[in-house]
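For reference, the structure is listed below as structure tokens.
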Amino acid sequence: MLNTNERLKRLIYQTLLIRRVEERVIELYPSDKIQSPVHLSIGQEPVAVGLCESMSPKDVLFTTYRGHAYYIAKGGKLPELMAELYGRKGGVSGGKAGSMHLAAPEVGMMGSSAVVASTIPHGVGAALAAKLQGTKQAVITIFGDGAIEEGVYHESMNFAVLHKLPVLFVCENNALAVHTSLAQRQAFDIVQHAKSYGINTTVIEDGNDLIKVGDIAAKLLESLRAGGGPEWLMVKTYRYKEHVGPGDDFDAGYRSRSDMEKWLATDPLYKYPEIVKEMEADVKTEIDRAVAFAEASPLPTRADLLTDVE
Amino acid sequence: MTNQSLQKALSYREALNKAMHDAMAASDKVLLFGQGVNDHKGIFGTTSGLADKFGAQRLIEVPLAEEGMTGICIGAALNGAYPINIHIRADFVLLAMNQIINLAAKYKYMFGGLFDIPMMIRLVIGRSWGQGAQHSQSLQSLFAHIPGLTVIMPASSGAIVDSYAHAVQKHRGTVISFEHRLMYDLTFERDHEPEVLGKTPFSQRRVRAGTDVTIVSTSIMSLEARRAADWLADRGISCDVIDLHCVSHIDHDVIMKSVGRTGRLLVADTSWLPYGVSAEICRIVCQNDPGALKAPVVSLGMAPAPCPTAKALEDIYYPNLTTLTDSIATLVRGKNHGIDLPHERSMADVYKRFKGPF
Ligand SMILES: Cc1ncc(C[n+]2csc(CCOP(=O)(O)OP(=O)(O)O)c2C)c(N)n1
Ligand SMILES: [Mg+2]
């Protein structure tokens with residue numbers, strides 16, 4: 001068992017790694033080396049890091065197009081991520097996936113979809129298979145606050161509760177869907193509404209609290225493994241960058257910079273500058289290696305175009 | 001029939017904005033629905049400024065609820081509204097297939113003509129900048145297969161302005177329009193507008209008249225066909241280019257007359273070939289005059305796979321100007337046609353002032 005300080009450092013390292021990877025993407029973007037829409041997770045990294053802390057590679061996770069953080073937190077290999085963003089053959093999916101469809105099945109990262117809410121039921125199905133086969137796996141299915149508006153969310157929740165499946169529903173609540181606020185989209189209270197399915201609900205007000213997210217996720221996952229039925233967790237968080245793309249958009253009028261400043265106050269990368277400073281060099285080395293791998297990786301060719309269709 | 005409403009050169013994007021504006025101005029019944037209709041980007045600029053003019057209550061910002069919202073549009077249409085429901089990627093409409101195919105397409109017939117569902121669904125086809133498997137699909141044949149729907153693919157600013165006005169003001173049924181994202185920044189000169197080959201703005205269009213080969217094309221492939229035809233015209237091959245425009249309602253005569261003159265047919269569609277537009281054009285030719293062709297049909301479209309994200313693969317996934325020109329020359333002159341080809345690896349590079357993020 002790690003002592004508290006060691007544990008915090010490990011979580012901060014992962015958070016920092018994700019942040020700096022995303023910043024490298026921003027830096028590279030004008031060069032057109034990454035030609036793919038990128039939904040950056042800057043600001044939301046602690047959620048991914050905390051949730052994945054106590055997942056073993058055997059436990060599976062499904063997520064969204066905003067998936068760089070989850071790929072890294074779940075243990076996906078960084079060079080393969082970079083090469084994938086570069087559209088290279090050495091990418092985790094040989095360039096066919098790009099930013100929006102990351103996966104790393106060897107560590108239980110089972111895919112991400114660019115169609116909102118579409119992976120929610122996959123988590124439920126994976127949990128059904130886990131239960132019937134007695135694998136003791138825990139499953140996490142991640143979705144945004146916007147995804148809750150889709151019918152498939154409700155259909156999935158009902159089935160999971162009905163069959164007491166080992167799935168943790170996680171709503172990554174950044175209170176935005178593209179440029180619209182929750183109030184513009186939803187007439188109901190998300191948590192009250194979730195409760196009405198008869199599922200246990202937990203809310204983490206500060207998604208920047210790495211230890212808290214990690215502790216709660218560990219407890220909920222343990223309960224899933226013990227056969228306690230599905231759990232539901234909302235983690236509040238904040239997206240610093242524009243919905244898609246490398247830029248800032250505080251001048252667009254739908255939100256203000258002061259919204260972000262509240263979150264900066266608890267952002268672990270600003271809260272623990274000493275720890276971060278110690279780690280910067282290692283993080284940079286890791287990212288430089290990944291970028292070098294991507295740059296050296298060959299482009300896919302005609303021979304790759306029609307492989308893996310069926 | 002000539003192009004009516006276009007007074008000056010407009011970009012595709014401007015034409016869309018004008019079409020939305022004109023529709024809302026023509027009737028209070030017109031309502032716009034979509035994710036982002038009212039935000040600072042305004043569906044790539046096509047709904048910008050309209051809320052100020054017509055009131056935000058007529059531009060309805062929708063939750064993420066494609067099936068429900070489509071049903072809500074159907075209900076509104078049944079009760080006197082003209083909904084225009086917009087999806088920034090055609091791929092998202094797949095969540096609404098039940099409402100479109102089981103309800104909107106059937107409502108008139110199933111009730112013996114008691115109802116119409118006058119509404120329009122605008123779908124944007126994404127291409128390039130790594131749109132990948134789920135942001136790039138050209139789903140026209142899926143809808144054109146279904147009786148009760150009208151499916152158009154406007155390939156010029158004039159086609160947008162005239163067809164949308166016709167859809168909203170004259171047509172009584174549901175119209176599904178596929179707009180191509182790569183065309184948004186292109187400006188279409190008024191005197192470059194294709195000739196409309198029928199009685200309504202939904203009719204097929206002639207992009208270029210010719211005698212050696214018939215090219216039937218859709219959406220952005222009609223622009224590509226024009227470029228290929230221009231290139232080949234200087235090299236002694238004369239192409240008759242027909243922009244299909246309305247893929248669900250094809251005037252057989254237009255196709256057969258052209259094929260009757262040229263004896264050769266190439267179909268260039270934005271989508272996959274099997275069961276698609278090219279298959280349909282072949283059906284039309286075979287049913288009307290199986291002897292009309294002196295050479296086998298050539299069809300071009302996307303490779304038979306989901307769209308890969310990597311640019312290196314995307315560039316060969318879609319036909320480009322080189323492959324199109326080579327295919328036409330080969331069809332007319334044979335494999336050793338000896339005609340020099342334009343060198344262009346990626347169509348997106350040509351049409352692109354379109355660059356990421358989206
Ligand atoms: C079915 C579907 N509808 C619309 C879109 C366009 N879209 C992409 S992300 C997004 C917002 C989703 O918001 P949320 O679920 O809160 O996730 P976030 O982006 O905030 O992480 C929308 C509307 C889509 N990708 N899929
Ligand atoms: Mg959100």
Side-chain angles (χ1 to χ4, degrees), chain A residues 29 32 34-39 65 84-89 91 93-101 113-118 144 146-152 177-180 184-187 242-247 249 251-254 298-302 304-310, chain B residues 34-43 56 60-69 71 87-89 91-96 98 126 128-137 272 302-318 346 348-349 352 354-358:
Chain A
Y29 216 66
D32 288 1
I34 296 172
Q35 294 203 17
S36 169
V38 287
H39 300 75
Y65 47 85
E84 191 58 39
L85 299 182
Y86 267 66
R88 300 298 172 104
K89 209 166 152 60
S93 300
K96 283 177 174 153
S99 166
M100 298 196 286
H101 308 295
S113 169
V115 179
V116 171
S118 54
I148 284 179
E149 292 144 32
E150 294 284 7
V152 70
V178 192
H179 311 125
T180 48
Q184 285 171 283
R185 295 178 281 120
Q186 296 180 8
E242 58 185 335
H243 166 70
V244 56
D249 66 353
D251 56 359
Y254 72 94
L299 292 169
T301 66
R302 191 168 290 279
D304 303 302
L305 183 64
L306 296 180
T307 57
D308 299 317
V309 176
E310 269 146 22
Chain B
Q35 291 156 15
V37 278
N38 246 336
D39 71 19
H40 59 284
K41 296 204 169 162
I43 319 277
I60 298 158
E61 194 63 64
V62 304
L64 279 113
E66 288 77 5
E67 184 183 6
M69 287 315 307
H87 299 271
I88 57 164
R89 283 293 177 272
D91 312 71
F92 307 154
V93 84
L94 290 170
L95 279 74
N98 175 46
S128 93
W129 205 264
Q131 297 298 304
Q134 298 175 330
H135 276 51
S136 62
Q137 295 172 88
W272 295 291
M302 304 189 298
C307 181
T309 298
K311 184 164 191 300
L313 292 177
E314 196 186 54
D315 281 350
I316 51 178
Y317 177 76
Y318 295 103
S346 170
D349 293 338
K352 184 176 92 183
F354 173 50
K355 206 174 139 160
F358 204 60

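Letters A, B, ... mirror the listed sequences (proteins, then strands); counts begin at 1.
Residue A/Ile148: no heavy atom, backbone or side chain, is found under 4.5 Å from chain B. Contacts of A/Leu305 with chain B are made by both backbone and side-chain atoms, with heavy-atom separations under 4.5 Å. Contact annotation for B/Gln35: neither backbone nor side-chain heavy atoms come within less than 4.5 Å of a heavy atom of chain A. Only the backbone of A/Thr301 has a heavy atom closer than 4.5 Å to any heavy atom of chain B. Looking at A/His243, there are no atoms closer than 4.5 Å to chain B (heavy atoms on both sides), in backbone or side chain. Using a 4.5 Å cut-off between heavy atoms, B/Leu94 makes no contact with chain A at all. Heavy atoms of A/Ala97 lying under 4.5 Å from chain B belong exclusively to its backbone. The contact between B/Asp39 and chain A is made entirely by side chain atoms (from C-beta outward), counting heavy-atom distances below 4.5 Å.
Of the listed residues (A/Gly98, A/Gly87, A/Gly91, A/Ala114), the one with the most heavy-atom contacts under 4.5 Å to chain B is A/Ala114. Top candidate by heavy-atom pairs under 4.5 Å with chain A, chosen from B/Cys307, B/Pro306, B/Pro308, B/Gly132, is B/Pro308. Among A/Ser99, A/Ser113, A/Ser93, the residue with the largest count of heavy-atom pairs under 4.5 Å with chain B is A/Ser113. Ranked by heavy-atom pairs shorter than 4.5 Å toward chain B, the options A/His101, A/Glu84, A/Gln186, A/Lys89 are led by A/His101.
B/Glu66 places no side-chain N or O within donor-acceptor distance of the main-chain N or O of B/Ala96, the cut-off being under 3.5 Å. A distance-only check finds no donor-acceptor pair linking the side chain of A/Gln35 to the backbone of B/Gly130 [under 3.5 Å]. Under a 3.5 Å cut-off, the side chain of B/Asp91 and the backbone N or O of A/Val115 do not form any donor-acceptor pair. Listed for the A/Glu150 side chain is no donor-acceptor partner under 3.5 Å among the backbone atoms of A/Ala147. The backbone N or O of B/Leu313 lies less than 3.5 Å from no partner atom in the side chain of A/Lys96, so there is not a single donor-acceptor pair.
Rounded to the nearest 0.5 Å, atoms NE2 (A/His179) and CG (B/Asn38) are 13.0 Å apart.
Ring centers of B/Phe92 and B/His135: under 6.0 Å apart, within the cut-off.
Closest heavy-atom contact between B/Trp129 and A/Ile34: CZ2-O, 3.8 Å.
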